[in-house]
Amino acid sequence: MGDLFRINVVYSTQHWIFPIITISILVILGAVILVTEARARVKAGKGVLVKPGRFFAEHYDKLKFWGCIVLMAAYFFLLDKIGFTVCSMIFLFLFNTLFAGLDRMKSVKYHVVSLIISVVATLAISLLFGTIFNISLPEGVCTIWIQDLGITIF
């Protein structure tokens with residue numbers, strides 16, 4: 001019975017534990033939503049598979065929505081190839097740029113501040129989790145090991 005709640009973790013792949021747990025919880029919650037919605041439709045006398053109407057709001061921002069989908073898919077695809085730190089810096093900057101709006105897109109100051117935030121936040125997270133907490137993050141071609149200081153920038 002003690003082995004039921006034991007997870008064997010390989011250091012080089014431990015960063016995949018929480019995404020797997022999160023995805024599992026989201027799948028379970030999605031199933032709960034589908035069952036709840038189906039029960040409500042049956043109670044209302046409607047069919048379970050009847051199309052409910054529009055999925056998206058009428059005038060949603062297509063560029064931001066589909067841009068997010070594409071950037072997130074590219075981020076997940078490139079994470080193990082490039083490495084956590086550099087990949088996160090690039091994509092955090094791209095997400096900031098995507099959500100900037102036309103007024104801020106013209107401002108050089110906005111892009112400089114966005115670049116600084118992307119670099120500082122990502123380095124802080126990489127050092128905090130990778131070095132202080134000793135949690136492995138996705139490695140890639142841009143991973144840097146500083147052996148003398150015991151620092152890894154994933």
Side-chain angles (χ1 to χ4, degrees), residues 1-38 52 54-154:
M1 184 69 170
D3 289 340
L4 182 62
F5 296 106
R6 181 175 303 270
I7 299 173
N8 293 326
V9 178
V10 178
Y11 179 76
S12 63
T13 60
Q14 75 181 8
H15 59 272
W16 286 110
I17 291 174
F18 286 110
I20 291 171
I21 291 171
T22 304
I23 289 170
S24 301
I25 290 170
L26 289 173
V27 166
I28 291 168
L29 290 175
V32 169
I33 289 171
L34 289 175
V35 168
T36 305
E37 180 70 22
R54 295 185 64 92
F55 185 75
F56 294 108
E58 211 166 302
H59 298 289
Y60 75 100
D61 192 338
K62 292 176 177 71
L63 177 66
K64 288 180 182 171
F65 178 78
W66 294 110
C68 259
I69 300 292
V70 168
L71 282 176
M72 193 61 83
Y75 177 71
F76 288 140
F77 177 74
L78 294 172
L79 197 56
D80 280 335
K81 291 161 184 50
I82 296 174
F84 173 80
T85 306
V86 174
C87 193
S88 295
M89 283 179 194
I90 293 167
F91 281 91
L92 184 55
F93 180 78
L94 291 175
F95 273 108
N96 284 341
T97 303
L98 178 66
F99 283 94
L102 293 177
D103 297 337
R104 288 186 259 169
M105 285 293 289
K106 298 173 186 171
S107 169
V108 174
K109 180 182 174 186
Y110 176 81
H111 291 293
V112 170
V113 170
S114 179
L115 183 65
I116 291 170
I117 289 171
S118 299
V119 170
V120 171
T122 305
L123 278 175
I125 290 169
S126 182
L127 290 172
L128 180 70
F129 285 95
T131 302
I132 296 172
F133 294 145
N134 201 24
I135 296 173
S136 73
L137 295 167
E139 295 179 15
V141 295
C142 295
T143 300
I144 300 169
W145 292 277
I146 305 172
Q147 300 290 339
D148 298 337
L149 299 176
I151 294 175
T152 303
I153 300 174
F154 289 92

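Residue numbers run from 1 in the order of the sequence given. Source: prediction; values computed, not measured.
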Discussion item. Restricting to non-hydrogen atoms, name the atom on Phe84 and the atom on Leu79 that form the minimum distance, rounded to 0.1 Å.
Written reply: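 Looks like CA-CD1, 3.9 Å.
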
Practice prompt. Please name the pair of heavy atoms, one in Gly130 and one in Leu137, separated by the smallest distance, quoted to 0.1 Å.
Written response: N-CD1, 4.2 Å

Distance (rounded to the nearest 0.5 Å) between [X] [atom1] and [Y] [atom2]:
{"X": "Phe133", "Y": "Leu128", "atom1": "CZ", "atom2": "CG", "value": "4.5 Å"}
{"X": "Ile25", "Y": "Ile20", "atom1": "CD1", "atom2": "CD1", "value": "12.5 Å"}
{"X": "Thr97", "Y": "Phe95", "atom1": "OG1", "atom2": "CZ", "value": "11.0 Å"}
{"X": "Ile23", "Y": "Ile28", "atom1": "CD1", "atom2": "CD1", "value": "12.5 Å"}
{"X": "Tyr60", "Y": "Trp66", "atom1": "OH", "atom2": "CH2", "value": "6.0 Å"}
{"X": "Ser126", "Y": "Ile132", "atom1": "OG", "atom2": "CD1", "value": "10.5 Å"}

Any non-hydrogen side-chain atom of [X] less than 4.5 Å from a side-chain atom of [Y]?
{"X": "Cys142", "Y": "Thr85", "result": "no"}
{"X": "Tyr110", "Y": "Asp103", "result": "no"}
{"X": "Met105", "Y": "His111", "result": "yes"}
{"X": "Leu98", "Y": "Leu63", "result": "yes"}

Worksheet item: Do other residues, nucleotides or ligands put more than 12 heavy atoms under 6.0 Å from the CZ atom of Phe99?
Response: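 Counting other residues, nucleotides and ligands, CZ of Phe99 exceeds 12 neighbours.
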
Item to complete: Before giving the answer on side chain to side chain contact (heavy atoms under 4.5 Å, CB included), spell out for Tyr75 and Ser88 the whole-Å C-alpha distance, their side-chain angles and the decisive distance to 0.1 Å.
Response: CA-CA 8 Å; Tyr75 177 71; Ser88 295; 2.7 Å; yes

